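Everything on this sheet refers to the single structure shown next.
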Amino acid sequence: MYTSIVTEMEKKMTSYVGVLIVLCCCVTPARSDGSDHKYKAGDQVTMYANKVGPFHNPSETYRFFDLPFCAPAHVTEKNEALGEVLNGDRLVSAPYKLDFMYDKDSEIVCKKKLSKEEVSQFRSAVAKDYYFQMYYDDLPIWGFLGKVDKEGKTDPSEYKYYLFKHLHFEIFHNNDRVVEINARTDPNALVDITEDKEVDVDFMYSVKWKESTTPFEKRMEKYSQSSSLPHHLEIHWFSIINSCVTVLLLTGFLATILMRVLKNDFVKYAHDEEAADDQEETGWKYIHGDVFRYPKYKSLLAAALGSGTQLFTMTVFIFILALVGVFYPYNRGALFTALVVIYALTSGIAGYTASAFYCQLEGTNWVRNLILTEALFCGPLFLTFCFLNSVAIGYTATAALPFGTIVVIFLIWALVTSPLLVLGGIAGKNSKSEFQAPCRTTKYPREIPPSPWYRGTLPQMAMAGVLPFSAIYIELYYIFASVWGHRIYIIYSILFIVFIILLIVTAFITVALTYFQLAAEDHEWWWRAFLCGGSTGLFIYGYCLYYYYARSDMTGFMQTSFFFGYMACICYGFFLMLGSVGFRAALFFVRHIYRSIKCE
């Protein structure tokens, strides 16, 4: 089934890998085939059929001609960029001929006698609310294959299933350019496919051209308006602002309390130093000889910090591309291409950060640390991909990547990601920066006093994730409806503001919990700070459960495995990214407070 596209991808493999020039060009907002063309009356404008699938299962899509539609004499496959293939797009020439400014009325595509098996195939598709997607001059077209008549019937065995056989295309042009296309089905042109018997079908289509004043540059705005935005944008802004203000006020309130407590601590410790040098120390000053003792599993911590820093950098670059308008509606595969390219190009940051921090902690096996850094995020992602791709192959879905595409991704990893990671690791190792500890570490660690259950790691992680998650949970629904639905998300300005607030709240809450941990004379704060910072990722995965069962209609093994599998990878990435943010904030805070007191 995938022979032809595999051949095409293998032919283009060299151009994909060569310094990623082709891939980088795919991220730019330039239109693809023909959308910049000007046409004359009668010119042929190619229509591409993309895919079909259950409407409520966005990951479960199939090739258009997997269903027994009328196929043209020569099916031509469109050459696709890497991001389009990753997105599950498989564009082929459609059987409809829509010449520029040429009307047609009840044109017959083909006369076909559907066998019992084909009738059953169409009936199963109609029962699952299958939709089709096509592209005409890079403008998307959606529609349903048929309908189920349930009126007055309580028993599913009495339902009537109908297939639409007549499509009406309404196309708008502004002088010599296509600016809009709509497709609707004729409710009177139906074929009864309820029973397993042979049926004669005349597949037809009509075309009507109309003038429009819409500028060519604004033709995509129609899809933005019918996106995942609420009907009233003001309501969305108000809900986000209300949530963010509440979180920031609470954060500011806690910050004020923490600052007052810290100020009192500084005054108390300064007074104690003047009053009696031999007076027994208490609180966080008491553990100044242990607070900078290197943590256990420092190689793993350095690798997590490096991977989290790389993911944070990648997220910032993605936001920059989004804010400048690269990810306009139906720029097919742009986001996936950007993710692959930017992740590959930022791997040097992971290598440098991990290696430099590991060497600061007096680590010696920096090569093993680099291998761990590379495998920490890519390893689980690779295993998840192998399982889900196998599931997609079993379903013969378009989500299954062709062999050529897998080879391209492997070569990007082998020729770009890994070398940059090694170069960054070498640079980090040779930076020879020392760990800046304001206090000397004693030879033997102090015993940590027993603490109540709510000061344990898991309760602290639960407390740390509540505030950051409350800052983003409103926006999560719109993002999920876009990623795991058919809506479009375009208000990246709101999302960027929410992201900034998420970082601020994560940093503060980690600092606050680190202070309380040190005040309880517990000096093992390194891993606790990272885990508390990244705990928001676990809350997001908990929201996945709620969204799947309460807010979506996704069903089936493939869709369920894709949703929970890839969301686990995304939430794990959030865990690493926010964990590194929280750890950096906690490290800065700890250095600051111990630099502000006199340590013996």
Side-chain angles (χ1 to χ4, degrees), residues 1-4 48-73 75 88-96 108-134 141-168 183-205 390-400 486 553-562:
M1 179 177 179
Y2 297 106
T3 305
S4 58
Y48 290 102
N50 188 11
K51 52 193 176 183
V52 295
F55 182 76
H56 299 294
N57 291 354
S59 300
E60 185 183 346
T61 55
Y62 305 93
R63 287 173 173 265
F64 186 81
F65 291 114
D66 282 355
L67 290 177
F69 289 111
C70 297
V75 177
D89 292 330
R90 304 290 187 270
L91 275 68
V92 295
S93 54
Y96 307 103
I108 294 180
V109 182
C110 74
K111 295 184 178 182
K112 189 167 186 177
K113 189 180 189 68
L114 298 179
S115 65
K116 293 181 181 180
E117 292 76 15
E118 292 174 332
V119 168
S120 176
Q121 197 174 356
F122 270 126
R123 184 174 63 249
S124 175
V126 171
K128 296 177 181 177
D129 279 336
Y130 266 50
Y131 69 94
F132 65 84
Q133 185 188 48
M134 302 182 191
I141 309 165
W142 300 70
F144 286 98
L145 302 186
K147 70 173 186 177
V148 182
D149 183 11
K150 302 179 182 179
E151 188 175 353
K153 303 176 181 66
T154 56
D155 188 355
S157 62
E158 299 177 354
Y159 292 166
K160 292 287 186 180
Y161 299 89
Y162 297 98
L163 177 69
F164 297 131
K165 67 175 184 178
H166 194 164
L167 272 178
H168 292 269
R184 60 181 178 85
T185 53
D186 187 346
N188 298 318
L190 302 173
V191 179
D192 192 342
I193 54 173
T194 306
E195 300 178 5
D196 283 334
K197 63 180 181 180
E198 294 183 347
V199 177
D200 292 316
V201 183
D202 294 344
F203 288 101
M204 298 180 293
Y205 69 102
S390 301
V391 172
I393 291 173
Y395 275 72
T396 65
T398 61
H486 302 286
D553 295 311
M554 292 183 279
T555 56
F557 177 73
M558 177 183 169
Q559 182 60 49
T560 302
S561 59
F562 264 68

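For clarity, every value in this text was computed on a predicted model and none was experimentally measured.
- The side-chain contact (heavy atoms from CB on, under 4.5 Å) test with Val191 singles out one residue from Asp202, Asp200, Val199, and that residue is Val199.
- Once rounded to the nearest 0.5 Å, the distance linking CD1 of Ile193 with CZ of Arg123 reads 7.0 Å.
- Expressed to the nearest 0.5 Å, how far CG of Asp89 lies from CD of Gln133 amounts to 6.5 Å.
- Under the 3.5 Å distance criterion, with hydrogens and angles disregarded, no donor-acceptor pair is assigned to the side chains of Asn57 and Gln559.
- Ile393 places none of its side-chain heavy atoms less than 4.5 Å from the side chain of Ser390.
- Under the 4.5 Å side-chain criterion, counting only non-hydrogen atoms from C-beta, Thr560 is not in contact with Met554.
- Within the 3.5 Å criterion, the main-chain N or O of Thr398 finds a donor-acceptor partner in the side chain of Arg90.
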Determine, step by step, whether Phe164 and Phe122 satisfy the ring-ring contact (aromatic ring centres under 6.0 Å, His included) criterion, reporting the C-alpha distance in whole Å, the side-chain angles of both residues, the deciding distance to 0.1 Å, and the verdict. CA-CA 10 Å; Phe164 297 131; Phe122 270 126; over 10 Å; no
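- Taking the side chain as every heavy atom from C-beta outward, Val148 and Val126 approach each other to under 4.5 Å.
- The line from CG of Asn50 to CG of Leu91 is 4.5 Å long, rounded to the nearest 0.5 Å.
- Counting all heavy atoms, side chain and backbone alike, Pro54 lies closest to Tyr62 at CD-CE1, 4.4 Å.
- Side-chain atoms of Val52 and Tyr131, non-hydrogen and from C-beta on, never get closer than 4.5 Å to each other.
- In this structure, Leu163 and Leu145 approach most closely via the heavy-atom pair CD1-O, 3.3 Å.
- At least one side-chain heavy atom of Tyr162 sits under 4.5 Å from a side-chain heavy atom of Asp149.
- Met134 places a side-chain heavy atom less than 4.5 Å from the side chain of Phe64.
- Between Lys165 and Asp186, none of the side-chain N atoms (NZ, or NE/NH1/NH2) sits under 4.0 Å from a carboxylate O, so this pair counts as no salt bridge.
- Here the shortest heavy-atom pairing between Ala94 and Ala49 reads CB-N, 3.9 Å.
- With Lys112 contributing its side chain and Pro68 its backbone, the two residues share a donor-acceptor pair below 3.5 Å.
- The pair Asp196-Lys116 fails the salt-bridge criterion, with no side-chain N (NZ, NE, NH1 or NH2) lying under 4.0 Å from an Asp/Glu carboxylate O.
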Show, in sequence, the C-alpha distance, side-chain angles and deciding distance for Thr396 and Arg63, and conclude whether the side-chain contact (heavy atoms from CB on, under 4.5 Å) test is met. CA-CA 9 Å; Thr396 65; Arg63 287 173 173 265; over 6 Å; no
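- In this structure, the separation between OG on Ser93 and CZ on Phe65 is 6.5 Å, given to the nearest 0.5 Å.
- Checked by atom type and distance alone, the side chain of Ser59 never pairs as donor or acceptor with a backbone atom of Phe562 at under 3.5 Å.
- Proximity of a side-chain donor or acceptor of Glu60 to a complementary backbone N or O of Gly556 within less than 3.5 Å is not detected.
- The shortest distance between side-chain heavy atoms of Tyr395 and Thr61 does not fall below 4.5 Å.
- Ser561 approaches Met558 most closely through the heavy-atom pair OG-O, 2.8 Å.
- The environment of Lys153 atom NZ is dense: over 12 non-hydrogen atoms of other residues, nucleotides or ligands sit within 6.0 angstrom.
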Worked verdict on Phe55 versus Tyr130 for ring-ring contact (aromatic ring centres under 6.0 Å, His included): CA-CA 6 Å; Phe55 182 76; Tyr130 266 50; over 10 Å; no
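- In this structure, the side chains of Thr185 and Leu167 come closer than 4.5 Å at one or more pairs of heavy atoms.
- Partners of Tyr96 by ring pair (Phe, Tyr, Trp, His ring centres under 6.0 Å), not counting sequence neighbours, listed by chain and number: Phe169, Tyr205.
- Distance check: Lys128 NZ to His56 NE2 gives 13.0 Å after rounding to the nearest 0.5 Å.
- The backbone N or O of His168 lies less than 3.5 Å from no partner atom in the side chain of Arg184, so there is not a single donor-acceptor pair.
- Annotation: the span from Ser120 atom OG to Leu114 atom CG amounts to 11.5 Å, rounded to 0.5 Å.
- Here the closest heavy-atom approach between residue Ala399 and residue Ala392 is recorded as C-CB, 3.9 Å.
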Checking Phe203 against His166 for the ring-ring contact (aromatic ring centres under 6.0 Å, His included) test, could you report, in this order, the C-alpha distance in whole Å, the side-chain angles of both residues, the deciding distance, and whether it holds? CA-CA 6 Å; Phe203 288 101; His166 194 164; over 10 Å; no
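- Pairing each heavy atom of Tyr161 with each of Ala127, the nearest pair is CE2-CB, 3.7 Å.
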